[in-house]
There are 2 protein chains.
Amino acid sequence: MRAELSLLFSPRSVALVGVSSRADSLSGRLLANLKRAGYGGKIFPINPKAQEIAGLPCFPSMSALPGVPDVSIIMVPRDAALPAVEESLAKGVKALVLITAGFREGGEEGARLERAIVARVREAGAVMLGPNCMGLVNTDPQVRLDATFSPVPPRSGGVAFASHSGALGVAMFEQALEVGLGISLFVSLGNSAVVTTADALEVFARDPRTRAVMLYLEAIEEPERFLAVARKLSAEKPVLVLKAGRTPAGQKAASSHTGALAAQDRAVDALLKQAGCVRAESLRQLLDWARTCERVPAPRGGRVAVVSNAGGPAIAACDALAARGLELAPLSPGTQEALRGFLPAEAAVGNPVDMLPSARPEDFQKALEVVSADPGVDAVVTITVTPPLAPPLEVARALAQAKAERPFLPVFMTSPEFYARALEVPNLPPVYRFPEEAVEALSAQRRALKAAALASAAPAAPFRPASLPQRSGFLPPHEALTLIAEAGIPVAPWATVRTLQELPETAEKVGFPLVLKAFGQAIVHKTELSAVALNIQNQELLQAEAQRMSQRLAGQGLSPEGFLLQRFLPGGRELILGVSRDPALGPLVLCGLGGIAVEVWQDVALRVAPCSSQDAEAMLEELKGKGLLGSFRGQPPVDRKALVEAIVRLSALASGVPELAECDINPLLAFPGGVVAVDVRVRLEGA
Amino acid sequence: MRAELSLLFSPRSVALVGVSSRADSLSGRLLANLKRAGYGGKIFPINPKAQEIAGLPCFPSMSALPGVPDVSIIMVPRDAALPAVEESLAKGVKALVLITAGFREGGEEGARLERAIVARVREAGAVMLGPNCMGLVNTDPQVRLDATFSPVPPRSGGVAFASHSGALGVAMFEQALEVGLGISLFVSLGNSAVVTTADALEVFARDPRTRAVMLYLEAIEEPERFLAVARKLSAEKPVLVLKAGRTPAGQKAASSHTGALAAQDRAVDALLKQAGCVRAESLRQLLDWARTCERVPAPRGGRVAVVSNAGGPAIAACDALAARGLELAPLSPGTQEALRGFLPAEAAVGNPVDMLPSARPEDFQKALEVVSADPGVDAVVTITVTPPLAPPLEVARALAQAKAERPFLPVFMTSPEFYARALEVPNLPPVYRFPEEAVEALSAQRRALKAAALASAAPAAPFRPASLPQRSGFLPPHEALTLIAEAGIPVAPWATVRTLQELPETAEKVGFPLVLKAFGQAIVHKTELSAVALNIQNQELLQAEAQRMSQRLAGQGLSPEGFLLQRFLPGGRELILGVSRDPALGPLVLCGLGGIAVEVWQDVALRVAPCSSQDAEAMLEELKGKGLLGSFRGQPPVDRKALVEAIVRLSALASGVPELAECDINPLLAFPGGVVAVDVRVRLEGA
């Protein structure tokens, strides 16, 4: 990590360039927040029109400052931004925050200005947050930096938060306060012109106070670096992401918001999986999951016990568990007996444990202790509806005091006043309002662990074949097959001939039964042109078929450049493998079930190239029709290892050959004893 | 609706049988709630050990009462329940509430006792709520009945709520208070032994104060009646349902909670669709959607405008809109111009409208008025993050005063204290915390309208064919085909022969090409036994094939009872239609894409039989591979009307023939000019 980034988050002094003397202005509020948070460093207001602002001596310009501030926060109108940046750089400032908006997100003129500023910052070896941002926060008691205009101070805690939208970040502070989520670091990335999400992740990785990371992203800039940094980070700390622009409507809105290039959402999804991140679908999930990861240790398995004083909500929890891939843990006879020991006879002591409305606070505590000591239980969800005979806050206190052997998540469905007071109960984990939300949060923790494990495998090394032709356009089949074979993907035995005379000898080498295909520039849709003949059994039939095919093509004014002979292999299960390029995220590798399945069910999985064997295995698991690859209608399973290998090698090719614009292996036939590529289409661009 | 039900919800007097003199007991709390709510009728505590309870004179027994109470609420221990019920019935009480638990849900002994009680109640022509329930509420100012032990009084309003779980119902009151949902009627159904969900729905349908219905169900008792009553109700008022037991784990928990029979969740889903209900997946959704339906008129279309003072949350709203089947409405040039008239130049006036953080309360009001007057807009979502320059409550007041031409849903992401205060702002619709939740609620309203429209079509009349054999077991193919043909489903031309001698003449009548199938008791898996031959072109080949087939079967010790000849029809798209029975919900009709699709993608849709043409059409729309039925690989679309007709007729057969345990038409071939059943398997049971 660069030292300048460190400086940005832990400055010993900050200059506020263009701060207004009006306390109710945005810049005035930023200054007030710095003071409210108890910032320990020096604050230098810079404003040529004021002597003093908010009790601090004011300087007319950057050059008038007594020393070089660690950070310069620039809040001038847009047209004064470039000179202000230049002045800070000239002074020697190495970390800037450009709050001002109206750059790339506002049109071409703003984009030009942004490029000019970025160039200056880079030349000076400095870093800059923004533009079009709301600043940053570090709640470390040694730093106490709140350089934002948030109306409320963030609660100090263990969640680091980066957001492309400043307003959203600040809105989340308020919701976070209410649900007891604490912030370690916050950064409003704005246009991410210099400091990017990947930079923020590097800072978060190093911060010892950060236990979980929460991201609101409108784009993924520097995707390769993001992937590399996030993979490392997610191995240590859960990374929860809300990526806006999931839909075309959202994408359009996001592009005009921060001027970012839109990526296909499926590719974003793949990239986040490869990075070990967990993707939330709503702001509430993002918050809920982050506060859980902040304060509840991740359970070591997915077997959950539910302990409640009401049947209905417990059933809702059971439904949510099963729907989210968790299990209702069977309780051991000993555990059930121990529960029977203090619960009434009508109570249910299986899982879910229904203690009935008469349950007292001490019953909750004892039940949690007993159930969490069961070796078959990895986590406990407790559910309390207002007990008729005790205040819910006493249940909360009793739970907080329990010697719970496993992580537990308390749900309380009770009166509104309870929730704020529960925040003050020492050692009480985050409280959930509804059983489904506790279960979702638990499931997110499990997914974070699994995602990190998946992302821990190294992706394949990019591969650039020696046989790569140096030109653009579609490759003739023999070149395409050679390329794929060189990449390490088995290809059905084949050879090409230029004339019909060569057929017999070549056919003998390839071996019968055969497929015959004519090829040439104009022969693209082979099936429509009847330029393919399958399952040819012998030389005689081959000669006849080749003659007929030549005549048919000649009848349409086409003369083939040659013929491809390929061994006909019956009985494999059809897949399609492919390569495409995302405008924002780069090369993608795709795998789907072939035949009509790709068309009718769109049953495909993709990853950013290059991918690891684990990624490829996960792709196969994502296919809805994956049953087709297992034992199916009396056939043994296909050779999964060979299939995984083919996906990985294709991904290596995609990342090693930037000019590979398009590649389809359709079909790739999968057999119990291996896979073979049959038809391959390759298009190069900009070679 | 029965008069006794009316009495139950609007009694002029209630007897409390077994009420305790201890105010902190559950029965004491029920009495306290009656008084707290200001119940206007007479209250008769019955307890032989007390002279007076809570200031009311107490009676030693039901027979000692001066008159017959309208409702008798029984809260005695389980073993005293039957005599208490008998005493009330003897007195002439026609509406009972049995709060006591420990009946069907507690095992066989309880179940027997419950059956005895139900028999007495039915004999007496009375109704009874419960057992194992928490009572009921009617907030009508003329009634003011709160006969529950809820710790908080429900807020009075327009949502009627029935719940199988009493504790859950009461827990929801507290959450409802906080989000401003108002209750018209509440009923805790418990074991639904006499008064069922369908009865509750009849009451809700007649109640003029009820504008929306919210159900928490653990079972669907009386499915046919539920369907009939809910179809009528949903045409008038949105019906929102959380059905517990979506998953096997939840189902198991639900069964032990109220002792209900488990239904397959897919069948429940179908039934709810046919009933015009909208299914929620979580308690939060249920509450959120109900409060929306209570207070926001349903938008007449799905075109939504988003007006905000922050970009990020607006993008989240756009994503949610697209994900939930709503549209981001394009704003007219006039609307955009009007917005330009009062918003700063940097504001975005397309949709989403981003007014920037500087937006004032009057900007929100004006923008809402302008945007909602656009004829292309059906609803508006406003999003307010804490404005730096005005309190959010002022924005709320300004929005509430706006002359909005369309329904609008306000989202506020602001400080915790705001939300309770916003409940007091007159004319402000329900406030949402997150943009996604407002959009989900809007989408639920649209779905409720669409569901009601779909449920408005009458299902087919049950059909019982004359050809129905009077025995159990699998039918031979000619009987199965005859049955299906009589039900009105076209069948490929066919005939059977008993001996090989009859083949030539019969084949001539059926027409070539032909399929030949051997049949007989032991010949079940025809393909494995090679007892099927396809695409036979002439008499000679037919003879040869029939000989070979006979020999093959003889070689395995099988002698066919005869042969089925059927016209071979190439080129149709394969579907599967079927009938099965759900243990709780009765006959189901199923439709899926045939071939490997049913196996690999489980791509099937189902409905409770009988269904309507609209239901069948919706089933086809549910198929993920529905593209296969449209124009596909150069073939025109299949005859959708004929396909719909076949589904409807099969559903009519399923409901007209209770002994039809199983029926598979596999394949049903669909052509551009009609459909034909090819292979039919029928099993009768208990005929």
Side-chain angles (χ1 to χ4, degrees), chain A residues 24 26 29 102 106 149 151-152 163-165 167-168 170-171 174-175 177-178 216 218 244-250 253-254 256-257 282-284 310-316 318-319 321-323 328 346 348 352 357 385-386 388-389 413-416 433-434 436 599-601 624-625 627-628, chain B residues 24 26 29 102 106 149 151-152 163-165 167-168 170-171 174-175 177-178 216 218 244-250 253-254 256-257 282-284 310-316 318-319 321-323 328 346 348 352 357 385-386 388-389 413-416 433-434 436 599-601 624-625 627-628:
Chain A
D24 66 351
L26 291 181
R29 184 167 294 215
F149 9 103
V152 297
S163 173
H164 275 126
S165 164
L168 184 129
V170 164
E174 294 184 292
Q175 302 300 318
L177 259 191
E178 191 171 358
Y216 168 81
E218 294 180 0
R246 269 181 303 145
T247 61
S256 67
H257 188 221
S282 71
L283 294 167
R284 186 187 291 278
I315 298 169
C318 294
D319 272 337
L321 283 173
L328 202 58
E346 312 83 57
V385 309
T386 310
L389 310 173
M413 299 185 70
T414 188
S415 54
R433 296 279 185 126
F434 292 97
E436 297 95 342
E599 275 173 82
V600 174
W601 285 275
K624 293 180 215 84
L628 195 64
Chain B
D24 66 352
L26 290 181
R29 185 168 291 212
F149 9 100
V152 298
S163 173
H164 274 127
S165 163
L168 184 130
V170 164
E174 294 184 291
Q175 301 300 317
L177 261 190
E178 190 171 0
Y216 168 80
E218 294 180 1
R246 270 182 301 144
T247 61
S256 67
H257 189 220
S282 70
L283 294 166
R284 186 187 290 278
I315 298 169
C318 294
D319 272 337
L321 283 173
L328 202 59
E346 311 84 57
V385 309
T386 310
L389 311 172
M413 297 184 72
T414 187
S415 54
R433 296 278 184 126
F434 293 98
E436 296 95 342
E599 275 173 82
V600 175
W601 284 275
K624 293 179 216 84
L628 194 66

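Each chain gets a letter, A, B and so on, in the order its sequence line appears, and its residues count up from 1.
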Query raised in the report: Contact part of Glu346(B) toward chain A, heavy-atom cut-off under 4.5 Å: side chain, backbone, both or neither?
Result: neither
Requested in this report: Identify which part of Phe149(B) has an atom lying under 4.5 Å from any heavy atom of chain A, answering side chain, backbone, both or neither.
Outcome: neither
Query raised in the report: Which pair of heavy atoms, one from Glu174(B) and one from Thr414(A), lies closest together, and at what distance?
Result: OE1-CA, 3.3 Å
Query raised in the report: So which of Gly627(B), Ala316(B), Pro416(B) has the largest heavy-atom pair count under 4.5 angstrom toward chain A?
Result: Pro416(B)
**Report entry** Option in Val152(A), Leu26(A), Leu177(A), Leu168(A) with maximal non-hydrogen atom pairs under 4.5 Å from chain B
**Finding:** Leu168(A)
Report task. Check each atom of Pro352(B) against the heavy atoms of chain A and say whether the ones under 4.5 Å are side chain, backbone, both or neither. Result -> side chain
**Report entry** Best-contacting candidate, Cys318(A), Ser163(A), Pro151(A), against chain B by heavy atom pairs under 4.5 angstrom
**Finding:** Cys318(A)
**Report entry** chain B contacts, top residue of Lys624(A), Met413(A), Glu436(A), Arg284(A) (heavy-atom pairs, under 4.5 Å)
**Finding:** Arg284(A)
Report task. Specify which of Ala322(A), Ala171(A), Pro313(A), Ala167(A) makes the most heavy-atom pairs with chain B at under 4.5 Å. Result -> Pro313(A)
**Report entry** Closest approach of Ile315(A) to Gly245(B) (non-hydrogen atoms, all atoms of both residues)
**Finding:** CG2-N, 4.1 Å
Requested in this report: With rounding to the nearest 0.5 Å, note down the distance linking CZ in Arg433(B) to OG in Ser282(A).
Outcome: 14.0 Å
Requested in this report: Indicate yes or no for a side-chain donor-acceptor contact from Tyr216(A) to the backbone of Gly312(B) under 3.5 Å, with no hydrogens or angles considered.
Outcome: yes
Query raised in the report: What is the minimum heavy-atom distance between Arg29(B) and Pro388(A), and which atoms define it?
Result: NH2-O, 2.7 Å
Query - Interface residue of largest heavy-atom contact number with chain B, from Asp319(A), Leu328(A), Val600(A), Val170(A), under 4.5 Å - result: Asp319(A)
